[in-house]
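Here the structure comes first, spelled out in structure tokens, and everything after it is commentary.
This is a predicted model, so every value here is computed, not measured.
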Amino acid sequence: MALRPNLLRTEAGRLSLRLLDHSTTSTCLPPAVLELEDVRLDIPVFTTETRSLKASLMRSVTGGRLSRRGGGAVITALDQINCTVREGERVALIGHNGAGKTSFLRLVSGIYQHTAGRMERHVPVFPMIHKSFITSPELSGMQAMKAHYLMVNGRLEGFEAFCDDVIGFSGLGDYVHLPVKTYSQGMAARLLFAVLTAGSHDCLAMDEGFGAGDSRFFEQAQERLERFLTTAGTLLLASHSDPLLQRFCTRGLVFQEGGIRFDGPLDEALAYYHQHCC
């Protein structure tokens with residue numbers, strides 16, 4: 001019987017060694033969706049007031065570590081990230097504001113590029129992070145929908161059905177032909193929510209801060225969101241809500257100061273967070 005060593009992260013963040021039965025683990029585990037090994041993410045700060053930036057202040061804002069390089073400033077938003085996410089996993093990202101959750105979502109979604117270490121994405125990771133359209137507000141709602149569809153799918157095949165679903169759910173009707181900049185905040189939020197929750201994805205990276213518009217739309221949006229999350233192949237969900245995480249996730253990553261401090265079953269991760277990080 002072949003045995004192989006496996007590195008397992010402990011509560012204290014150290015690595016311990018455990019022997020696993022290679023013949024049983026290699027064949028039973030689902031394929032990896034994301035693999036990160038000793039990953040670091042540095043974000044340069046472009047400002048004329050770099051010298052006045054204090055490390056304590058920057059930590060309070062970002063959770064990262066501030067350093068000065070070549071006359072500028074760099075924030076290490078993530079450091080020594082070791083994590084493998086497998087197909088079908090529902091992973092909760094837990095931590096206070098600035099702990100590194102959103103930076104991690106942006107990194108695995110391809111919005112940020114890692115500075116050091118090894119990271120592999122084996123499937124596209126769809127980010128549900130932004131609270132506004134990334135296209136110009138001068139575009140009409142219809143044009144914004146088409147741009148999003150092309151970016152995600154690379155072609156317009158199936159766009160008509162997508163369009164009908166989004167317009168029907170958002171309730172915008174003919175307003176979809178007007179520029180997005182003329183929409184009320186609620187109208188824009190409803191359209192964006194409908195666009196982002198249409199279809200399914202191999203891997204979804206979502207921040208709970210994403211809104212769903214006005215209160216009358218909220219209940220309908222919750223039902224659609226639940227269906228959307230259950231159809232995602234793999235889910236990464238950042239949230240401060242224990243009930244939300246318990247509803248959709250089974251594994252938890254606890255972030256603190258840009259690092260993963262705990263990786264394990266969700267209930268244990270939440271207990272660790274409330275005991276050590278709050």
Which pair of non-hydrogen atoms, one from L270 and one from L245, has the smallest distance, and what is that distance?
CD2-CD1, 4.3 Å

Does D164, at its CG atom, have more than 12 non-hydrogen atoms belonging to other residues, nucleotides or ligands within less than 6.0 Å?
yes

Short side-chain to backbone donor-acceptor contact, T231 and S200, under 3.5 Å
no

Check: L178 main-chain N/O paired with Y183 side-chain donor or acceptor under 3.5 Å
yes

Answer yes or no: is there a side-chain heavy-atom contact under 4.5 Å between P31 and E87?
yes

Kindly give the heavy-atom pair with the smallest separation between L139 and A144, and that separation in Å.
CB-N, 4.4 Å

State whether the side chain of S109 and the backbone N or O of I111 hold a donor-acceptor pair below 3.5 Å, judged by distance alone.
no

For D267, what residues pass the salt bridge (charged side-chain N to carboxylate O under 4.0 Å, His left out) criterion, not counting sequence neighbours?
none

Would I43 end up clustered with F104 when hydrophobic side chains under 4.5 Å apart are linked, directly or stepwise?
yes

Value rounded to 0.5 Å, distance of CG in L236 from CG in D207
11.5 Å

Can you find a side-chain donor-acceptor pair between D242 and H274 that sits under 3.5 Å?
yes

For side chain to side chain contact (heavy atoms under 4.5 Å, CB included), just list the numbers for V180 and S140, CA-CA rounded to whole Å, side-chain angles, deciding distance to a tenth of an Å, and then say yes or no.
CA-CA 5 Å; V180 173; S140 70; over 6 Å; no

Check: E226 side chain, E223 main-chain N or O, donor-acceptor pair, under 3.5 Å
no

Side chain to side chain contact (heavy atoms under 4.5 Å, CB included), that's the test. Do V91 and L253 meet it? Break it down for me.
CA-CA 7 Å; V91 183; L253 303 180; 3.8 Å; yes

Ignoring hydrogens and angles, tell me if any N or O in the side chain of N153 forms a donor-acceptor pair with the backbone of Y149 under 3.5 Å.
yes

dist C277:SG -> R261:CZ (nearest 0.5 Å) comes out at 8.0 Å

Non-hydrogen atoms of E89 and R251 that approach each other most closely:
OE1-NH1, 2.8 Å

If you look only at distance, which donor and acceptor atoms sit under 3.5 Å apart when one is on a side chain in residues 117-129 and the other is two or more places apart or in another chain?
from : atom 1 : to   : atom 2 : distance (Å)
R118 : NE     : E37  : OE1    : 3.3
R118 : NH1    : E120 : OE2    : 2.9
R118 : NH2    : E37  : OE1    : 3.3
R121 : NH1    : L107 : O      : 3.3
H122 : NE2    : E35  : OE1    : 2.6

Between CG of L237 and CG of L93, what distance do you get to the nearest 0.5 Å?
7.5 Å

Report the relative orientation of the aromatic rings in F262 and Y272; use parallel for angles under 30°, tilted for 30 to 60°, perpendicular for over 60°.
parallel

Is it true that R40 and D42 have a side-chain N and a carboxylate O under 4.0 angstrom from each other?
yes

Of the non-hydrogen atoms in L78 and G100, which two are nearest, and what is the gap between them?
CD2-O, 3.5 Å

N/O donor-acceptor pair under 3.5 Å between K101 side chain and G95 backbone:
yes

How about R224 and T197: does a side-chain donor come under 3.5 Å of a side-chain acceptor?
yes

Please round to the nearest 0.5 Å and tell me the distance separating atom OG1 of T84 and atom CG of L34.
9.0 Å

With side chain to side chain contact (heavy atoms under 4.5 Å, CB included) as the criterion, how do V254 and I260 come out once you've worked through the C-alpha distance, each side chain's angles and the decisive distance to 0.1 Å?
CA-CA 6 Å; V254 179; I260 296 176; over 6 Å; no

Give, for atom CZ of R90 and atom CG of L266, the distance between the pair rounded to the nearest 0.5 Å.
13.0 Å

Does N82 use its side chain to pair, donor to acceptor, with the backbone of D38 at less than 3.5 Å?
yes

Measuring from L229:CG to L244:CG, what's the distance to the nearest 0.5 Å?
7.5 Å

Are any of the side-chain heavy atoms of H96 and F255 separated by less than 4.5 Å?
no

So which heavy atom on I94 is nearest to which on G252, and how close?
CD1-CA, 4.2 Å

Find out whether R190 and L172 are in side-chain contact, i.e. whether some heavy atom of one side chain is under 4.5 Å from a heavy atom of the other.
yes

Whether S239 side chain and S241 backbone form a donor-acceptor pair below 3.5 Å
yes

Taking side-chain contact (heavy atoms from CB on, under 4.5 Å) as the definition, give me every residue that meets it alongside T230, ordered by chain and number, with sequence neighbours left out.
none

Report the C-alpha distance between F228 and L204 in whole Å, list the side-chain angles of each, state the deciding distance to 0.1 Å, and finish with yes or no for side chain to side chain contact (heavy atoms under 4.5 Å, CB included).
CA-CA 10 Å; F228 176 71; L204 173 66; 3.2 Å; yes

Residues F162 and M145: closest non-hydrogen pair is CE2-O, 4.2 Å

